[in-house]
Amino acid sequence: MTEDKVLQNIEEWVKGELLNEKSGHDWYHIKRVTDIAKEILKHEKADDFTVISAALLHDIADDKVTSDVNMALERIRKLLERNEVADETIETIIDIITTMSFKGGTGKELSYIEAQIVQDADRLDALGAIGIARTFQYGGAKGQAMYDPEISVRDQMSFEEYRNGESTSINHFYEKLLLLKDKMNTPTAIKIAEEREEFMKNFLDAFFKEWEGGL
């Protein structure tokens with residue numbers, strides 16, 4: 001089976017799994033992340049198949065979209081085995097998707113380029129206009145307030161505190177999103193992140209001005 005055919009099969013499977021996801025981690029997020037990863041690949045020497053496969057699969061086993069991470073990982077493994085992906089490549093893909101998450105700033109530092117590219121692509125989709133929209137979509141899905149000045153921005157969080165502690169959508173900008181530019185791995189991602197972060201800062205300036213009744 002050719003790599004192109006395998007990637008097509010993976011894409012179709014992931015699309016079926018996440019098309020109707022409602023927290024901002026749907027198929028269209030996956031497609032954007034994959035497209036960004038392909039753009040970064042134009043400037044970095046890496047294994048294209050591993051990067052694109054991991055980009056397509058990266059949210060299937062995320063605890064934000066599944067209640068059984070281990071079962072989701074096993075389904076990914078079986079999908080790749082059915083498509084005759086080499087065992088070593090399967091292990092690399094699994095490693096990428098299980099270590100790339102932000103996790104409240106407690107995530108592992110990634111040591112190889114394929115993982116770094118997928119992580120950068122995913123983080124870039126959390127920035128800019130799309131990032132703003134996804135932040136409020138996710139906050140709404142979790143039942144969070146848009147903003148509450150009585151709820152303080154959190155820092156030095158454990159993963160459990162990051163995922164389940166009290167916060168707001170606006171706080172999320174300070175707890176995660178505005179930290180991402182300095183955590184990018186590749187020069188291409190850093191450049192894109194700079195532009196998208198600036199857009200978000202301008203949005204926050206306007207938000208707080210309007211929150212205080214400014215015209």
Side-chain angles (χ1 to χ4, degrees), residues 1-19 21 23-126 158-160 162-163 176 180 183-190 193:
M1 195 178 304
T2 66
E3 288 188 349
D4 285 346
K5 178 59 177 174
V6 174
L7 291 173
Q8 181 183 344
N9 291 344
I10 294 171
E11 180 176 315
E12 290 174 354
W13 184 78
V14 173
K15 187 174 184 178
E17 292 288 313
L18 296 179
L19 186 61
E21 202 279 334
S23 76
H25 302 85
D26 58 12
W27 161 248
Y28 298 105
H29 162 66
I30 298 297
K31 185 177 185 304
R32 290 191 304 270
V33 170
T34 303
D35 288 343
I36 294 169
K38 289 177 180 178
E39 181 62 31
I40 297 174
L41 278 167
K42 295 177 182 178
H43 307 278
E44 300 289 341
K45 184 175 177 58
D47 183 76
D48 289 22
F49 177 80
T50 299
V51 169
I52 296 169
S53 296
L56 287 167
L57 291 162
H58 79 275
D59 269 344
I60 292 292
D62 193 301
D63 69 305
K64 293 188 293 295
V65 300
T66 181
S67 60
D68 193 333
V69 170
N70 289 330
M71 178 62 73
L73 288 172
E74 185 60 25
R75 294 179 68 220
I76 290 171
R77 189 180 298 278
K78 289 184 180 302
L79 169 71
L80 296 173
E81 289 174 347
R82 287 197 306 271
N83 281 274
E84 303 171 359
V85 178
D87 290 345
E88 182 179 356
T89 303
I90 292 175
E91 294 308 317
T92 302
I93 293 169
I94 295 292
D95 184 64
I96 291 171
I97 64 181
T98 54
T99 57
M100 59 179 277
S101 177
F102 180 76
K103 296 186 184 299
T106 64
K108 289 174 59 177
E109 184 173 344
L110 305 179
S111 60
Y112 55 101
I113 189 62
E114 287 81 8
Q116 292 172 352
I117 291 171
V118 181
Q119 184 182 70
D120 280 357
D122 186 39
R123 289 178 169 180
L124 284 170
D125 201 54
S158 68
F159 174 59
E160 179 66 23
Y162 170 69
R163 187 68 86 227
K176 175 183 177 180
L180 293 180
K183 295 180 179 294
M184 295 293 169
N185 302 288
T186 62
T188 302
I190 291 170

The criterion is ring-ring contact (aromatic ring centres under 6.0 Å, His included); which residues satisfy it with His25, sequence neighbours excluded?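 Counting only residues at least two positions away or on another chain, His25 forms a ring-ring contact (aromatic ring centres under 6.0 Å, His included) with His29, Tyr138.
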
My understanding is that only residues two or more places apart in sequence, or in another chain, count here; which of them pass side chain to side chain contact (heavy atoms under 4.5 Å, CB included) with [X]?
| X | value |
| --- | --- |
| Ala37 | Val51, Ala55, Ile117, Ala121 |
| Asn9 | Met1, Lys5, Glu12, Asn83 |
| Lys31 | Trp27, Asp35 |

Test salt bridge (charged side-chain N to carboxylate O under 4.0 Å, His left out) applied to Asp48 - qualifying residues, sequence neighbours left out: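 Scan of Asp48 (salt bridge (charged side-chain N to carboxylate O under 4.0 Å, His left out), adjacent residues dropped) gives none.
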
Would you confirm whether [X], through its side chain, and [Y], through its main-chain N or O, come within 3.5 Å as a donor-acceptor pair?
| X | Y | answer |
| --- | --- | --- |
| Gln116 | Leu110 | yes |
| Asp62 | Val65 | no |
| Glu114 | Asp47 | yes |
| Asp120 | Thr186 | yes |

What pairs of donor and acceptor atoms, side-chain ones from residues 88-96 against any protein atom, are under 3.5 angstrom apart with sequence neighbours left out?
unit_1: Glu91; atom_1: OE2; unit_2: Arg77; atom_2: NH1; d: 2.4
unit_1: Thr92; atom_1: OG1; unit_2: Glu88; atom_2: O; d: 3.1
unit_1: Asp95; atom_1: OD2; unit_2: Tyr112; atom_2: OH; d: 2.6

4.5 Å side-chain heavy-atom contact, Phe49 and Val6: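 Yes. Closest side-chain heavy atoms under 4.5 Å.
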
Is any side-chain heavy atom of Ile10 less than 4.5 Å from a side-chain heavy atom of Leu57? yes

Assess whether a salt bridge exists between Glu39 and Lys42, defined as any Lys/Arg side-chain N lying under 4.0 Å from an Asp/Glu carboxylate O.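 Looking at Glu39 and Lys42, the cut-off is met.
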
Pair Ile60, Ile30 - check side-chain contact (heavy atoms from CB on, under 4.5 Å), show working. CA-CA 10 Å; Ile60 292 292; Ile30 298 297; over 6 Å; no

Among Val33, Leu180, Ile36, Val118, find the one that has a side-chain contact (heavy atoms from CB on, under 4.5 Å) with Arg123.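 Exactly one option meets the side-chain contact (heavy atoms from CB on, under 4.5 Å) with Arg123, and it is Leu180.
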
Rounded at 0.5 Å granularity, tell me how far CD in Glu17 sits from CH2 in Trp13. 4.5 Å

